[in-house]
Amino acid sequence: MSVAVVLFTSDLRVHDQPVLRAALRGAERVVPLFVRDDGVRAAGFDAPNRLAFLADCLGALDAGLRQRGGRLILRTGDVVDEVCRVVRESGARRVHVAAGVSRYATTREERLRTALREAGCALDVHDAVMTAVPPGAITPAGGDAFAVFTPYFRRWSETRLREVCAAPRTVRVPDLASDPLPERPDAEHVSPGLPEGGEAAARKRLTAWLADGIESYEDRHDDLPGDATSRLSPYLHFGCLSPVEAVHRARGKGGAGAEAFVRQLAWRDFHHQVLAARPEVSWSDYRPRGDAWRSDREEIAAWREGRTGYPVVDAAMRQLAHEGWMHNRGRLLVASFLTKTLYVDWRVGARHFLDLLVDGDLANNQLNWQWAAGTGTDTRPGRVLNPLTQATRFDPGGDYVRRWLPELAELPGNKIHRPWLLPPEDRARLTYPDPIVDLAEGRDRFARARG
DNA sequence: GCGTCTTTCGG
DNA sequence: CGAAAGACG
C-alpha cells in the first residue's frame, strides 16, 4: 500500500490543491501533514492575529479532509525533523510540498531535499500553488525577474494558467498519531474584529464577492469608508483560497471590476517573483538610496498607536489594531506618512504590520513598504502621499475617520480631517492631539536627508 | 548576434 | 528617474 506525505504550508485547502492532488494520484494513501514549526516562531512570524486565523484554517482543513474520509495530522517541532519522522512512521516514499519564495521557504525545501534523499524518499515541489503564475515562469529580456509592474502585467495576462483541479472525493489517511488542533490564542492578544479563517469562510467570501462587490471594484476600491474591497487577502495568504481559482472565476465574471481585481492578484504574483529572485530584499533595500532614517521613539509610538494628529492616518492605524487588517489605501497612506513625512525606516513599519496584519505576507508587505519608502522597484522614489490630500480624495465626507476615531465623531463633514482649524474653544474640548509633525517640515526632513 | 542608443511611459 | 523594448550600428 503506497503512501505519500502532503506537507501543507501556506496552502491550507482541499479545493484546487495541486499538492494534495499530485499525492493522491501517485499513492493509495496520503498523510496530510501540518507542522507547527519552531522556526516560524523563532523568526517572529507567529503573531497572535495570524495564530488565531491559522487555528481556524487548520480546523477547517481538518474538517474538509474528514468530509472526504481523512483527517489532518498535526505535529510540532522542526519541520524537517517532523517530516522525516512521519515518513518513517508511515513508510511514505514521496513527500509533496508547494514551492515558496521566502528564504525560509527555500531553505526548508533544500533541507527537506537533503534529509529525504538520505531516507530514500523523493521530494516533489509544486508550482502555481501560492501564486497564479509561478515566479520565474516569465522573465524580462535581460534578467531573472521583472522590476516594473506594467511590462510584467502584460506578460502575466498573456500567460495561460493551469486548469483548476477538483477537490478530491476521498482521502485515505494511514493511522498515525496527531497533536490536537491548536486553540486560538487568548482573546486579549487578538484583534477583536479579526475575520474568521479557513477554507469554508474563504469560499463563502469569494462567492459573495463575485456575486456582489467585484463589479464596482474599479470605481470603489480606493473608497475608504465604502470598504468595498474583497477582503480576500488573509485567505490568499494562508492558501485557503487558490489564486488560480480566484483569477479564473473573476475572469469568468468579466467586466471592468473583475479586470481591476485580477490586476491586484497580478501584483501579488509580481511581488512574489521579485522576492524569489532577490530573497534578501525582505529586509534590505531593493535599491539603496542612501537614506539616513530618523528614529524618534515617541513619533514611532504615536504612529503605531494612531495618535499622530492626522485623523486619516490615525483612523487607519486604529483599524489595523482593531481588525488585524487595513484598507489598502490606508496602508499606502500610513506607510508614506511614516517613511516620507516622519522619515522613519520602512523596516519599522513593515515589522509593525507583520505583527498585526492577519494577511501579513513577506513578499507583499515588504515590497509594498519598499514602494512607499522609495527603496523598492518603483521608478519614482520621491513620491510623497500628502495625508490631507489623501483624506480629501478618499474619505471626502470623513466617515472613515468618524468610524475609527470616536473622539472626533461630532465634527461635521470633511472638517474632521483638520481638527486644528477649529475655533480654540471647540478645539480645547477634543481629546485629540495636535499634529506631531508639520507636513512642510516632513518634506524638509526627507529632502535634506536624501540630498 | 549583440552592445548601446532612443523612445516611451510609469502604482 | 529608470526600466523595457525596439531601433540602430
Side-chain angles (χ1 to χ4, degrees), chain A residues 131-133 135-159 217-224 226 228-230 232-233 236 247 256-278 281 285-291 312-313 316 326-341 346 349-350 353 357 359 361 363-387 389-395 443 446-451:
Chain A
T131 57
V133 172
I138 49 179
T139 52
D144 53 358
F146 282 89
V148 176
F149 178 72
T150 308
Y152 175 77
F153 184 56
R154 197 176 309 126
R155 291 281 301 284
W156 186 92
S157 301
E158 293 161 358
T159 304
Y217 182 70
E218 195 192 20
D219 301 333
R220 299 186 60 209
H221 72 277
D222 270 332
D223 173 4
L224 282 167
T229 65
S230 75
L232 288 170
S233 54
L236 287 164
V247 173
E259 253 173 65
F261 176 65
V262 166
R263 187 183 165 86
Q264 294 306 311
L265 295 174
W267 268 103
R268 230 183 128 256
D269 285 12
F270 174 73
H271 288 139
H272 279 75
Q273 58 99 46
V274 171
L275 192 60
R278 300 269 307 273
V281 301
D285 293 348
Y286 181 89
R287 224 187 294 284
R289 310 273 186 194
D291 284 297
V312 75
V313 172
M326 193 195 291
H327 192 290
N328 184 57
R329 176 50 53 181
R331 299 187 196 199
L332 298 178
L333 120 210
V334 303
S336 181
F337 185 80
L338 184 75
T339 58
K340 296 280 175 56
T341 305
W346 63 267
F353 270 31
L357 278 175
D359 59 31
D361 179 277
N364 295 318
N365 188 63
Q366 310 306 86
L367 291 169
N368 275 316
W369 269 97
Q370 294 221 43
W371 179 84
T375 63
T377 57
D378 189 20
T379 54
R380 290 150 82 175
R383 173 202 322 266
V384 179
L385 306 183
N386 180 317
T389 313
Q390 295 281 308
T392 310
R393 194 174 298 162
F394 303 115
D395 186 26
R443 265 194 300 279
F446 179 60
R448 256 183 285 126
R450 275 272 171 96

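Here is how names work: the chains are called A, B, and so on, in the same order as the sequence lines, proteins then strands, and each is numbered from 1.
Within a 6.0 Å sphere centred on CZ of A:Arg393, other residues, nucleotides and ligands contribute 12 heavy atoms or fewer.
The two residues A:Trp346 and A:Ala373 make their nearest non-hydrogen contact at CB-CB, 3.6 Å. The minimum heavy-atom distance between A:Tyr217 and A:Thr229, with the atom names listed, is CE1-CA, 4.2 Å.
Contacts between residues 366-383 of chain A and DNA chain C, defined by a heavy-atom separation under 4.0 Å, are made by A:Thr379.
Protein chain A touches strand DNA chain C; the 5'-most and 3'-most nucleotides with an atom under 4.0 angstrom of its non-hydrogen atoms are C:dC1 to C:dA5.
Within the 3.5 Å criterion, the main-chain N or O of A:Phe270 finds a donor-acceptor partner in the side chain of A:Gln273. A:Lys340 places a side-chain N or O within 3.5 Å of a backbone atom of A:Ala372 that can act as its donor or acceptor partner. Panel note: side chain A:Arg289, backbone A:Pro381; no donor-acceptor pair is recorded below 3.5 Å.
How far NE2 of A:His272 is from OG1 of A:Thr131: 7.0 Å, rounded to the nearest 0.5 Å.
Remark: A:Arg155 is not positioned above the aromatic ring of A:Phe146, lacking an NZ or CZ atom under 6.0 angstrom from the ring centre and at most 45 degrees off the axis.
Tested against A:Gln370, the residues A:Asn365, A:Thr377, A:Thr339, A:Thr375 include a single side chain to side chain donor-acceptor pair (under 3.5 Å) partner, A:Thr375.
Between A:Phe153 and A:Trp156, the angle of the ring planes stays under 30°, which puts this pair in the parallel group of the 30/60° scheme.
Within the 4.0 angstrom heavy-atom criterion, only backbone atoms of the sugar-phosphate kind lie near A:Arg287; the bases stay farther away.
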Scan nucleotides 1-9 of chain B against the protein and return all N/O pairs shorter than 3.5 Å with their distances rounded to 0.1 Å.
none

